[in-house]
Protein chains: 2
Amino acid sequence: MTAGPLDATFAALADPTRRAILARLHSGEATVSELAAPFAMSQPAISKHLKVLERAGLISRGRDAQRRPCRLEPGALKEAAGWLETYRAFWEDRFQGLDDLLDELKEADDE
Amino acid sequence: MTAGPLDATFAALADPTRRAILARLHSGEATVSELAAPFAMSQPAISKHLKVLERAGLISRGRDAQRRPCRLEPGALKEAAGWLETYRAFWEDRFQGLDDLLDELKEADDE
DNA sequence: AGGTTTTTTAACCTAGTGGTTCCATAACCG
DNA sequence: CGGTTATGGAACCACTAGGTTAAAAAACCT
């Protein structure tokens, strides 16, 4: 039934703080405190978000003395994009007016 | 901080039942009972899922006598895919081994 | 060893989610 | 009108999520 790691990935992406963290990591590794700095939120809260991202496979963490640098991992993002890709033809068809055409035909049928 | 409708969209996509419903709707409109049939779950539960999908803008609902046919809406899917698209270059770079090269350089630096 | 920095853990709170069952609504069909 | 079908709503329950504060770990620096 299409379960699996997509659950965790999409759930992780559903939070704006976490998406902002990913955006930040897009431009390179960062430590927990660096990631926490921009947010009006306690640092343990950020740690929780990072754990969610890690369990979803969106980031991985190294060790540098006391610091735990985070880096973006491409795998999960790629899978999520892959799932959405299934629908690309659908929304591009719609953009080309195919669905609108169908709507017109249906309305014509009702009259 | 990149908030907005992406929250609702990704949250809606985080549930396998809802993704299955979207997949089903990909091949055409369907009524609530048709959508509920494949699942070992009460029909009100499906109604709740449909409400989540609707509030996320992923589906819309018409009216056909007692039935409330659901159809897939492309907008939200397109936005979600658009957000992920920002990272496409990142995971494709990784696939090309760019990050692996960086890893090798770093390991060489440690020795 | 003692103190500082960085990060995680624990305990707690509130609110939301995903499911249930039972009932209400709405539109059809005799 | 009365019954049936299709769907939404209300009340409830267990569990999870996102936040807090306070304390514990772990690795550094004299």
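The chains referred to below are lettered A, B, ... by the order of the sequence lines, with proteins before strands, and numbering in each begins at 1.
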Check your understanding: OP1 or OP2 of dA27(D) sitting under 4.0 Å from any side-chain N/O of Arg68(A)?
Key -> no
Practice item. State whether Ser42(A) places a side-chain N or O below 4.0 Å from either non-bridging phosphate oxygen (OP1 or OP2) of dT20(D). Key: yes
Point to revise | Short side-chain to backbone donor-acceptor contact, Arg67(B) and Ala30(B), under 3.5 Å | key: no
Check your understanding: Closest to the Val52(A) side chain: dG18(D), dT21(C), dT6(C)?
Key -> dG18(D)
Check your understanding: Is a side-chain donor or acceptor of Glu92(A) paired with a backbone partner of Ala89(A) at a separation under 3.5 angstrom?
Key -> no
Practice item. Please name the residue in the list Arg18(B), Lys51(B), Met41(B) that meets the side chain to side chain contact (heavy atoms under 4.5 Å, CB included) test with Ile46(B). Key: Met41(B)
Review point. Is the shortest side-chain N/O distance from Arg61(A) to OP1 or OP2 of dT7(C) below 4.0 Å?
Key: no
Review point. Between atom CD in Gln43(B) and atom C1' in dC22(C), what is the gap in whole Å?
Key: 13 Å
Study note, to complete from the structure: Rounded to whole Å, the CZ-P distance (Arg63(A) to dA25(D)) equals 15 Å
Check your understanding: For Ile59(A) and Leu22(A), what are the C-alpha separation, side-chain angles and deciding distance, and is it a side chain to side chain contact (heavy atoms under 4.5 Å, CB included)?
Key -> CA-CA 8 Å; Ile59(A) 67 171; Leu22(A) 293 180; 3.9 Å; yes
Point to revise | Rounded interatomic separation in angstrom, taking CZ from Arg19(B) and P from dG18(C) | key: 12 Å
Check your understanding: Within this structure, what is the NZ-to-C1' distance between Lys48(A) and dT20(D), rounded to whole angstrom?
Key -> 9 Å
Point to revise | Value in whole Å for how far the P atom of dT7(C) lies from NZ of Lys51(A) | key: 15 Å
Check your understanding: Of all the nucleotides listed (dT20(C), dG18(D), dT7(C)), which has the minimum atom distance to the side chain of Met41(B)?
Key -> dT20(C)
Practice item. Nearest whole angstrom, please: distance from the C1' of dG18(C) to the CG of Leu50(B). Key: 14 Å
Check your understanding: Considering only side-chain heavy atoms of Pro44(B), which listed nucleotide, dT8(C), dA6(D), dG9(D), is closest?
Key -> dG9(D)
Review point. Gln66(A) has a side chain; which of dC28(D), dA22(D), dT7(C) sits nearest to it?
Key: dC28(D)
Practice item. Send over the distance from Asp7(A) CG to dT16(D) P, rounded to a whole Å. Key: 14 Å
